[in-house]
Amino acid sequence: MHSKANYYTHSEHNVGIPIEADGSIRVWFAERELLFAAEPREGYYVVSAEAEGPLARAKVITFLETYNSVEILSPEPLAAFEAFARQMKWVEAAGGVVESDRGEVVMISRNGRWDLPKGHREQGESFEECAAREAEEETGVKVAEVGRLLAATLHAYNIYGEWELKLTAWYVMRALSRQLTPQREEGIVRAEWVAPDCIEEQIKNSFPTIKKVFSAFSV
């Protein structure tokens, strides 16, 4: 189980950088993990932010090419994270778990993995509005209600030669309809209702961020 996070308010929409109880901040590069923390962790390749000087994005990514888990050690993890984040384009997104009255949830298959609907937040749109819109666009489901915030995650990736750092807010949503239509132009090949007792098996090959969302959903 992942530790519960507090949320540092990053924007007027009251969803911010997910800061864990000990002050650490976790960024995912697909399945590789970058952790900003004040104390060294077992199992991580540890890099001292002070010893390295300014943390160049290229240097950090080089570490991640060799090690699956890298920790940036700093007495001020948030400051170290923000210095790193300034070297990438900031993107905000939302999505989540759409649940039926039967307790089933909607999952999508994209790029050979089971995933959850999500997408970029449009200008002037709240995270909740974005989550509902993206769920409807990507799966065809009708969302009746957006409920509690399950988690916020950070994910970095290179798209067309530009590095982006994405903050995604994940919500639980209630479905109004059961008909599903995958948005194929977004690379979604399937959209399915998954029974509660099948979720664990379904997400075995999913990204760590999706597993974190379901960990919060099951609490």
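One is the number of the first residue; the rest follow in order along the sequence.
The aromatic rings of Trp90 and Phe81 sit perpendicular to each other, their planes meeting at more than 60°, with 30° as the lower class boundary. A tilted orientation is assigned to the rings of His155 and Tyr157, their planes being inclined by 30° to 60°.
Using a 4.5 Å cut-off on side-chain heavy atoms (C-beta onward), Pro77 and Leu35 make no contact. Within the 4.5 Å cutoff, no side-chain heavy atoms of Ile17 are placed close to those of Leu167. Trp114 has its side chain out of reach of Val194: every pair of non-hydrogen atoms, C-beta onward, lies at least 4.5 Å apart. You'll find the side chain of Glu137 stays beyond 4.5 Å of the side chain of Glu186, heavy atoms only. Contact annotation: the side chain of Phe63 never approaches that of Leu34 to less than 4.5 Å [non-hydrogen atoms, C-beta and beyond]. Side-chain contact check for Glu128 versus Met173: every heavy-atom pair is 4.5 Å or farther apart.
Of the N and O atoms on the side chains of Trp170 and Thr153, at least one donor lies less than 3.5 Å from an acceptor on the other residue.
Between the side chain of Thr139 and the backbone N or O of Ala191 there is no donor-acceptor pair closer than 3.5 Å. A distance-only check finds no donor-acceptor pair linking the side chain of Arg174 to the backbone of Val143 [under 3.5 Å].
Leu73 and Phe36 fall into different hydrophobic clusters, defined by Ile, Leu, Val, Met, Phe, Trp and Tyr side-chain heavy atoms under 4.5 Å apart, directly or through other members. A chain of hydrophobic side-chain contacts below 4.5 Å, direct or via other Ile, Leu, Val, Met, Phe, Trp or Tyr residues, connects Leu64 to Tyr45. In the hydrophobic clustering of ILVMFWY residues, with side-chain heavy atoms under 4.5 Å counting as a link, Tyr44 and Ile72 come out apart. Hydrophobic cluster membership is shared by Leu78 and Phe84, with clusters built from Ile, Leu, Val, Met, Phe, Trp and Tyr side chains linked at under 4.5 angstrom. In terms of hydrophobic clustering, with Ile, Leu, Val, Met, Phe, Trp and Tyr side chains grouped at heavy-atom distances under 4.5 Å, Tyr67 and Ile25 are assigned to a common cluster.
How far CD1 of Ile108 is from CD of Gln183: 9.0 Å, rounded to the nearest 0.5 Å. Distance check, rounded to the nearest 0.5 Å: OG1 of Thr62 to CZ of Arg57 gives 10.5 Å. Considering CD1 of Ile188 and CD of Glu138, their distance stands at 4.0 Å, rounded to 0.5 Å. A distance of 12.5 Å separates CZ in Arg113 from CD1 in Ile203, rounded to the nearest 0.5 Å. Of the inter-residue distances, the one linking Met107 atom CE with Phe214 atom CZ reads 4.5 Å to the nearest 0.5 angstrom. Atom-to-atom distance recorded for Lys211:NZ and Thr209:OG1 is 10.0 Å, nearest 0.5 angstrom.
A salt bridge does not link Arg41 with Glu33: none of the charged nitrogens is closer than 4.0 Å to a carboxylate oxygen. Under the 4.0 Å criterion applied to side-chain N and carboxylate O atoms, Arg133 and Glu129 are not assigned as salt-bridge partners.
Scanning both residues, Ala152 and Val15, for their nearest heavy atoms gives CB-CG1, 4.4 Å. Between Trp193 and Arg178 the shortest heavy-atom distance is NE1-O, 2.8 Å. Closest approach of Cys130 and Gly119 over heavy atoms only: SG-O, 3.3 Å. Scanning both residues, Ser177 and Gly140, for their nearest heavy atoms gives OG-O, 4.4 Å. Nearest heavy atom pair, residue Val91 against residue His120, reads CG1-NE2, 3.5 Å.
Environment of CD in Gln179: sparse, with no more than 12 heavy atoms of neighbouring residues, nucleotides or ligands closer than 6.0 Å.
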